[in-house]
Amino acid sequence: MTMIHAPSGPNLEQVRRIVTEIPGPRSRELAARRSSALPAGLVSGSDVYVRAAGGAVVVDVDGNSFIDFGSGIAVTTVGNSAPRVVERVIQQLDSFTHTCFLATPYELYLAVAEELNALTPGDHVKRTALFNTGSEAVENAVKYARAFTGRPSVVTFDHAFHGRTLMTMTMTAKNRPYKQSFGPFAPEVYRAPMPYPYRSPGGADEAFAQFELLVDNQLGADSIACVIVEPILGEGGVIVPPSGFLKRIADACRDRGIVFVADEVQTGIARTGAWFASEHEGIVPDLVVTAKGLAGGLPLGAVTGRAEIMDAAPTGGIGGTYSGNPVSCAAALAVLDTIREEGLIDRAQQIGSKMSSELNSIAAATEVIGDVRGRGAMIAIELVLPGTHIPDPDATARVNRYCQARGLLTLTAGTYGNVLRFLPPLSISDDLLAEGLGILRDAIAVL
Ligand SMILES: *Cc1c(COP(=O)(O)O)cnc(C)c1O
């Protein structure tokens with residue numbers, strides 16, 4: 001390649017530009033190499049290969065420049081290769097890359113913990129432990145809850161996604177592709193109904209009654225360590241529980257001595273127009289799990305929660321070789337500074353209202369969009385057969401492909417595979433946002 005002097009990362013030109021067919025020749029070459037090097041089932045949502053990315057733009061190996069409405073699944077919230085992140089990471093690489101916090105500790109870990117203790121909802125005394133991924137952090141939230149309560153069971157919800165490790169795959173609701181062929185699953189994981197306003201309007205009372213039936217009559221509260229919920233269910237299709245439902249669940253947990261865990265891996269760190277989506281519902285979780293947006297693309301996960309719960313795990317019982325890696329911690333501190341200094345929480349709200357109003361206008365002119373929903377910069381549309389509620393995953397895949405071919409990267413989601421979700425970096429300009437939504441409007445029009 002002769003493009004080594006092209007601007008990249010923080011300096012990448014913020015434009016959409018398609019210069020080859022999609023995927024281009026170089027991406028197709030890599031696809032051929034991939035099929036002889038990687039397992040067949042390890043698939044990617046898009047078939048272009050990245051050469052560079054910065055801000056809200058991804059450039060592929062053929063020189064095509066895409067508007068990014070996915071943020072690498074809600075990770076590059078502050079923008080790809082955001083300037084402060086790049087600077088602090090380079091500085092940290094020059095100091096040290098690893099010691100293992102369990103072997104020889106360092107201040108950066110403490111600084112990230114102090115930030116999360118201060119930022120997460122509630123003014124009780126908190127502690128934070130760091131991990132590498134969302135799944136690993138969720139697993140450890142379960143360990144803390146079990147150690148604190150001395151109880152075995154974990155209650156999760158319909159449409160939940162908590163990860164791909166044995167425990168978190170078990171906690172995840174959807175069979176294909178997450179669970180099929182991979183059992184037997186971890187014991188003592190139970191599932192309660194989640195109201196899904198578009199598909200079961202008025203379902204909150206019934207869902208809560210079923211929750212109480214499960215907790216009180218079937219399991220018995222004194223066998224339940226924790227209840228874990230995503231305040232907005234991301235992979236499940238950006239399902240926003242009816243207002244007040246999460247508060248009822250949280251209150252029910254408190255009354256029964258059950259640890260209430262918010263999995264904010266996707267919703268946390270400014271994505272929804274608040275530091276944490278729990279804030280929109282006025283809930284104060286006992287434990288908050290974060291990852292994705294926390295470190296700008298470097299792997300980092302965290303469990304933050306009540307000191308008495310976190311302090312209950314036995315000495316030396318929690319940790320990991322790479323957990324709280326110093327480079328990831330440096331990135332996280334830069335991410336949190338960027339959010340504050342660039343006013344990105346307000347920006348997430350603005351992006352949300354711009355996206356919602358444009359998507360509602362697109363939806364008003366078609367029968368294939370059944371629902372527009374989400375909060376802040378986490379918005380989705382649900383595609384259905386015209387005039388019905390019947391999911392249309394084929395149309396969803398077609399829209400996704402059309403957008404990619406025109407230079408817009410989007411993500412699909414949903415228990416029924418019929419949700420298109422938009423999670424742009426909060427650094428996106430109004431112009432790029434509008435241009436991306438214009439492509440989406442065209443994609444729906446030609447369906
Ligand atoms: C992505 C995600 C996870 C898993 O995170 P990984 O870093 O992929 O292990 C867990 N919970 C939620 C809500 C997620 O969106």
Side-chain angles (χ1 to χ4, degrees), residues 42-45 70-77 120 129-143 145 154-174 177-179 182 186 189 191 194 226-241 246 260-272 275-278 280-281 283 285 287-305 320 322-325 328 331-332 335 374-380 411-415 419 421-423:
L42 187 57
V43 296
S44 303
S71 301
I73 319 188
V75 169
T76 53
T77 303
T120 46
L130 299 179
F131 303 97
N132 298 291
T133 66
S135 305
E136 194 193 357
V138 170
E139 291 249 4
N140 280 284
V142 171
K143 287 195 197 174
V154 175
V155 173
T156 64
F157 288 87
D158 289 340
H159 310 290
F161 181 86
H162 296 294
R164 293 173 181 267
T165 58
L166 175 58
M167 183 65 185
T168 59
M169 162 181 75
T170 306
M171 294 162 67
T172 290
K174 190 176 176 179
Y178 305 125
K179 305 171 82 162
F182 299 145
V189 175
R191 194 170 306 287
M194 170 56 67
C226 63
V227 169
I228 179 163
V229 67
E230 300 156 79
I232 297 173
L233 293 89
E235 302 302 307
V238 189
I239 299 167
V240 185
L246 296 179
F260 177 73
V261 186
D263 179 348
E264 292 242 22
V265 168
Q266 190 160 152
T267 51
I269 318 293
R271 172 56 50 192
T272 68
W275 279 108
F276 297 93
S278 295
H280 300 298
E281 284 293 308
I283 51 174
L287 301 179
V288 176
V289 185
T290 49
K292 291 198 166 93
L294 177 58
L298 280 85
L300 191 66
V303 179
T304 302
Y322 299 107
S323 301
N325 169 271
S328 297
V335 164
R375 257 177 179 143
M378 183 173 184
I379 306 280
L411 299 169
T412 59
T415 297
V419 172
R421 62 181 155 157
F422 312 113
L423 307 159

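In each ligand, atom 1 is the first atom listed, and ligand 1 is the first ligand listed.
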Practice task
For ligand 1, find out whether one of its N or O atoms is nearer than 3.5 Å to an N or O atom of G134.
Solution key: yes
Problem - Nitrogen or oxygen of S135 less than 3.5 angstrom from that of ligand 1 - result: yes
Problem - Contact check, side chains of F422 and L411, non-hydrogen atoms, under 4.5 Å - result: no
Handout entry: From K292, Q266, E235 - option closest to atom 1 (C) of ligand 1 by heavy atom
Key = K292
Practice task
Decide yes or no for R375 and T267: does some side-chain heavy atom of the first lie under 4.5 Å from some side-chain heavy atom of the second?
Solution key: no
Exercise for the section: Before signing off on this row, confirm whether D263 and ligand 1 have an N or O atom pair separated by under 3.5 Å. Expected result: yes
Exercise for the section: Give the atoms of ligand 1, by number and element, whose distance to some non-hydrogen atom of T133 is under 4.0 Å. Expected result: 7 (O), 9 (O)
Fill in the blank from the handout: CD (E235) and OG1 (T412) are apart, to the nearest 0.5 Å, by 9.0 Å
Completion exercise
Here the pair of heavy atoms bringing G234 nearest to Q266 is CA-OE1, 3.7 Å
Problem - Per atom 10 (C) of ligand 1, closest listed option by heavy atom (E139, E136, H162) - result: H162
Handout entry: Rounded distance (nearest 0.5 Å) linking atom OH of Y322 with atom CG of N132
Key = 9.0 Å
Practice task
Check whether any N or O atom of E230, backbone or side chain, sits under 3.5 Å from an N or O atom of ligand 1, and answer yes or no.
Solution key: no
Practice task
Give a yes-or-no answer on whether the side chains of T156 and H162 include a donor-acceptor pair shorter than 3.5 Å.
Solution key: no
